[in-house]
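None of these values were measured; they are calculated from a predicted model. Numbered from 1 within each chain, the chains take letters A, B, ... in sequence-line order.
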Amino acid sequence: MARVGVFICDCGVNIASTVDVPKVVEYAMTLQKVAIAKEYKYMCSDPGQNLILDTIKEYKLDRIVVSSCSPRMHELTFRICVNKGKINPYYFEMANIREQCSWVHQKDKEAATKKAMKLTEIAVAKVLRNEPLFPLYSPVIKRALVIGGGIAGIQASLDLGDAGHETVIVERESSIGGRMSQLDKTFPTLDCSQCILSPKMVAVAQNKNIKIYTYAEVEEVQGYVGNFTVKIRKKARYVDMVKCTGCGVCTQKCPAKTSSEFNEKTGDRKAIYTPFPQAVPNVPVIDKNNCIYFLKGKCKVCEKFCPSNAIIYNQEDEVVEEKFGAIVVATGIDIYDHSNYGEYGYGKYKNVLSGLQFERMVSSSGPTDGHILRPSDQEEPKDVVFIQCVGARDPSKGQDYCARVCCMWTAKQAILLKEHLPNSRAYIFYIDIRAFGKGYEEFVRRAQVDYQVTYLRGRVSRIYEKGKKLRVLGTDTLAGGQVEIDADMVILADAMVPKYDSVKVAQTLGIPYDTYRFFTELHPKLAPVETVTSGIFLAGACSGPKDIPDTVAQAGAAAAKVCALFSKDNIEIEPTIAQVNFSLCSGCETCKLVCPFNAIEMREREIRRGVKRSIANVIESVCRGCGTCVGSCYCKAIDLRGFRDKQIMAELEAVCIE
Amino acid sequence: MKFAYFPGCSLHSTAKEYDASTKFVCGRLGIELVEIPNWVCCGATPIHRTNALASIALPAKNLLWAQTENLPVAAPCSECFSRLKLANLEVAENEELKKNVSEVLGETYEGNVDIYHLPQVIIEKIGLKEIEKKVAKKLSGLKIASYYGCLLTRPPKVATFDRIEDPQFLDNLVLSLGAESVNWAYKTECCGATFSLSKKELVLKLTNDILQNAYDEKADCIMVACPLCHSNLDLRQKEVEKKYKVKYNLPVFYFTQLIGLSMGADIRGLGLKRHMVSAEKLLSSKGLI
Amino acid sequence: MKWIILKDTDKKITGEVEKISGQVVANCYQCGKCTAGCPLAYAMDLGPTRFIRILQLGVTEEIKKSNTPWFCISCETCTTRCPREIDIAKLMDATRIVSQNGEFKPRELRIAIFDKIFTKLVEVFGRPPEFLLGALNNALTFNLFKDVLLFPKMFIKGKLPISFSRVNSKAVQQIFEKSKSR
Amino acid sequence: MNNWEPNIVGFLCNWCSYAGADLTGLSRKEYPANIKIIKLPCTGRMDPMFIIEAFKLGADGVLVSGCHPGDCHYNKGNLYWQRRFLVVSELLNNFGIDKNRFFASWVSASEGVKFSEVVKNVTEKIRELGPLTK
């Protein structure tokens with residue numbers, strides 16, 4: 001005889017202020033097989049859980065329903081609690097009366113109360129049809145894959161490598177280093193970015209636990225936590241990684257030039273190149289689209305001059321398949337395309353630059369060797385205007401979010417300008433200054449006071465060329481007037497946007513992304529590096545704009561999560577998987593066909609004495625419990641534990657029958 | 001190609017030459033313009049500042065005919081174009097407004113008429129290639145500043161045919177006619193038409209800024225596609241020169257006049273003699289007349 | 001500097017402006033881009049940004065006193081560039097409509113009178129005769145000789161037809177009558 | 001029939017739409033209380049029988065919502081559902097049920113606002129159609 005206990009949570013006032021909880025308790029008591037219903041202020045708290053445990057004992061309960069928040073929040077908490085009370089954790093159901101009831105029906109308390117009763121009734125109906133389930137175990141492959149070799153990927157790999165775990169970095173470009181390697185100095189300490197990054201890049205290359213695949217991309221991911229199978233495409237670089245010594249003669253001699261992506265198109269590079277001098281690995285690649293030999297069939301200058309015969313023109317892409325137990329996604333960001341702002345003339349006027357272009361200009365390894373020069377005529381600029389929030393906090397451009405780094409980044413660039421050209425004047429147009437990090441506010445004050453940077457509160461409306469100058473029409477809302485500046489150069493702060501192919505990456509990995517296309521964390525506060533797919537973790541700006549300190553911290557956190565996972569030899573996997581009723585299966589193979597994970601195999605089985613038939617069989621360690629097979633089975637021979645037909649039907653009846 | 005033609009008040013008074021040159025050019029390009037019978041004023045700016053419903057109902061009144069005849073509408077005046085298209089859009093988007101407007105009109109207006117500005121008709125529907133074929137006399141040596149004004153490119157939901165900032169379609173037309181296009185910054189600034197009679201001093205400043213920029217960028221003349229822009233830049237140019245103690249002497253053409261000129265039309269027929277700032281000296285110095 | 005006594009503020013005008021324009025003033029985060037690009041901001045007392053601010057706060061006296069909505073020329077630059085997609089020009093229109101509805105006196109009489117004359121002429125004639133528009137405007141704003149020097153020349157150039165034709169005036173009058181009652 | 005309130009069943013997939021509905025709550029976006037949600041691991045689990053059964057049991061409307069195509073947590077469960085959806089909706093007429101009572105949508109975990117819009121829309125449409133008469 002089933003004895004159900006129902007526990008209804010007030011969640012402080014979150015539920016109780018909208019839903020009349022005592023009424024729900026009263027209603028629950030009238031439900032079939034309900035032995036007791038109780039209310040408590042915070043069911044998830046220790047006293048709340050103790051209340052459940054005590055009640056289980058007192059009323060000899062064997063099934064539990066908790067009506068509170070979303071199961072996505074506390075299902076696990078209560079399952080553990082129920083288990084402590086010696087009840088199988090799957091004899092438990094939750095009714096979501098907060099996220100899907102009290103919070104969305106605040107204006108109609110009566111309807112909310114009625115709905116809360118119904119939702120509780122549905123959960124009771126289901127729990128009565130539940131069955132005990134026992135966890136399955138699966139071995140953990142203790143190898144980690146890190147996608148992206150920027151500062152996030154580098155840090156995560158170092159932490160994993162140091163912990164003794166074999167780690168593979170897959171980087172799309174020909175060198176690791178990422179966005180940070182493009183920066184000149186970093187705020188608020190003004191450390192040289194390359195100087196603090198390069199040692200880490202070298203450390204990665206030297207760590208015996210870390211393997212780097214540069215110029216490579218992840219193509220396919222199969223499997224589940226502890227056991228992922230990943231296909232990696234190593235793009236042909238046309239240079240033998242082993243033979244090449246990195247002497248650079250090929251690059252020197254190459255006659256083909258094109259604009260350098262690393263320098264944000266402010267300078268040139270060759271067709272055979274390393275993106276920057278400190279590249280790791282220091283092996284060049286041939287850019288097929290600009291190489292004269294690949295375009296016209298003649299040239300081969302690099303081959304001629306290479307002292308170690310490392311050039312291989314007929315090299316082909318190679319796809320390797322490797323196994324991993326966990327994946328850290330550190331794919332980073334792109335920069336907002338400022339040409340969407342027609343009024344600022346980016347792309348039309350030479351002297352309107354993006355923040356990253358200015359960064360390359362200030363960098364001593366950049367195209368101007370660190371001299372700040374007006375691109376139109378190579379003169380030193382006198383008046384430089386910086387504009388913040390370009391491509392950020394701007395719903396009209398679909399960019400509602402704050403760029404998060406551009407306040408500090410711009411302050412830093414203004415300081416760098418004043419350090420390079422002390423007689424120049426710097427103007428910054430801002431809407432709000434967000435200097436919340438350690439030492440950030442002090443840094444902005446330094447820009448304002450020590451470096452005499454003029455801060456103007458307002459957005460710029462328009463920029464146009466007037467003679468050699470750029471006329472900037474802005475406003476200072478604090479002084480209450482329009483502002484006109486004839487500037488030599490205008491720098492538009494950069495907003496971070498998701499990588500152009502972030503959706504494709506998300507779909508390959510099976511992780512969700514938000515409306516901007518950034519990857520979504522499992523929980524924005526409490527699980528910031530986890531994703532809904534266990535075994536896949538996020539690091540750095542791929543989940544939203546981040547500065548370097550936050551990125552490094554997150555990378556460390558992701559690595560720690562992987563280490564925790566790798567500390568076990570076997571991990572529990574959800575037992576809510578498919579199951580075949582052998583006597584009903586006709587062997588039509590539909591389930592095998594639709595299964596996204598190839599978890600169904602056909603097997604000869606004796607169904608009656610002497611009668612053998614080929615019928616479906618679920619491979620338990622592979623099935624992930626989506627239920628697609630169940631939805632498509634013609635004979636109702638396959639069912640999903642935890643979401644069986646009879647359970648859903650019971651829920652349906654509870655919904656429909658008043 | 002057949003269009004319902006909405007000339008607007010100005011083309012029947014201060015801008016008769018725009019009307020004449022439009023009819024000439026459209027005739028040559030095979031565009032049939034049928035004037036909307038008994039059209040009334042679009043309401044212009046004063047009405048949308050005083051009566052929100054009438055500002056939609058008046059244009060809708062004119063569009064009713066196009067709706068029955070199932071014709072797209074061509075409007076040569078930017079203000080008329082803007083009001084007509086906005087009325088159409090708002091009625092299409094807003095059921096309640098549609099009900100109110102239809103009640104005021106006594107007929108149901110659906111908000112499904114296609115409305116084009118005259119340059120759009122000529123440049124998009126006919127195409128610059130066709131125009132180039134019809135050019136008899138290239139306007140070589142003429143440096144033209146194309147002036148778009150405000151309502152030809154704004155607001156974005158109404159003017160959808162070129163980029164909002166730094167539009168190019170009139171500049172491209174200039175190149176097709178064999179003339180030089182001037183790259184200038186004030187091509188979309190406002191001339192102040194609305195205040196022409198009520199706040200003249202403001203208008204003179206705005207007009208001066210525009211003329212000044214065109215003059216600084218070494219334009220010979222200005223090309224417009226709106227009778228209100230024309231009346232400020234041409235009619236008030238002498239006044240501006242007097243007030244700001246400058247000398248511009250920049251003739252202001254309608255784009256249809258310049259197309260007509262390149263097709264070899266007679267300057268009197270194009271109404272070039274009706275301008276306040278005489279164009280004849282400039283045109284003869286370039287050997288165009 | 002003046003005190004803004006928040007207990008004396010009142011969102012009545014703001015509410016009406018929002019209703020007529022369909023805009024929500026709370027959307028504005030005061031970045032100032034509208035003022036920065038406004039061709040007439042130099043002549044305005046507040047400029048669009050600060051005008052929206054007093055609408056947000058509901059400082060009734062300031063709203064009534066400000067010339068900003070009256071000097072708006074409807075060039076739509078602000079609307080086009082507003083990052084928060086507020087139709088600022090429409091807010092200005094709506095403020096003037098609230099005033100026309102008798103809520104408060106127009107701050108710029110000459111502009112208000114011109115709008116009235118224009119509207120009346122459209123109502124009577126269907127297409128406003130420009131000659132009459134100029135003449136009436138001068139008469140009613142006590143500025144009889146404004147633009148008088150232009151008239152003869154315009155006349156010679158055929159730009160000033162002195163004719164009074166009525167087009168569709170019944171239908172137009174109907175539009176005005178019916179739309180007034182709403 | 002004055003007090004009639006539509007009774008609507010919502011089948012949501014665990015990873016996108018259920019999370020989206022949670023986000024609706026977190027952002028406190030109101031929607032009518034007529035919908036009651038049943039959680040499924042994936043819309044691929046959706047058996048056409050559930051829909052017919054729901055109407056048979058007296059539901060006035062059914063909504064099924066899952067991940068956008070391409071975003072399925074299980075790669076392609078939602079695509080199988082998409083195929084079934086077309087069949088079911090044609091089939092309903094044969095059962096004498098107006099297929100306009102049956103809705104499907106894609107709502108991702110980040111589309112809390114969209115979820116409330118979908119529910120509002122569904123509830124309004126069902127209200128227009130009136131109670132399901134057998």
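- Separation of atoms OG1 (C:Thr77) and CG (A:Leu473) is listed at 11.0 Å; rounding is to 0.5 Å.
- The two atoms that bring A:Gln482 and C:Cys38 nearest to each other are NE2-O, 3.0 Å, heavy atoms only.
- At least one side-chain heavy atom of A:Arg459 sits less than 4.5 Å from a side-chain heavy atom of C:Pro83.
- Both the backbone and the side chain of C:Arg84 come within less than 4.5 Å of a heavy atom of chain A.
- Only the side chain of C:Thr49 comes within less than 4.5 Å of a heavy atom in chain A; its backbone stays farther off.
- Chain A forms the most heavy-atom pairs under 4.5 Å with one residue out of C:Cys82, C:Cys34, C:Ala36, and that residue is C:Ala36.
- By the neighbour-count criterion of 12 heavy atoms within 6.0 Å, atom NZ of A:Lys469 is densely surrounded, having more than that number from other residues, nucleotides or ligands.
- Between C:Lys33 and A:Glu343, at least one side-chain nitrogen of the basic residue sits less than 4.0 Å from a carboxylate oxygen of the acidic one, meeting the salt-bridge criterion.
- The side-chain heavy atoms of C:Gln30 and A:Arg457, taken from C-beta on, include a pair separated by under 4.5 Å.
- If you check the side chains of C:Arg81 and A:Tyr341, you find no donor sitting under 3.5 Å from an acceptor.
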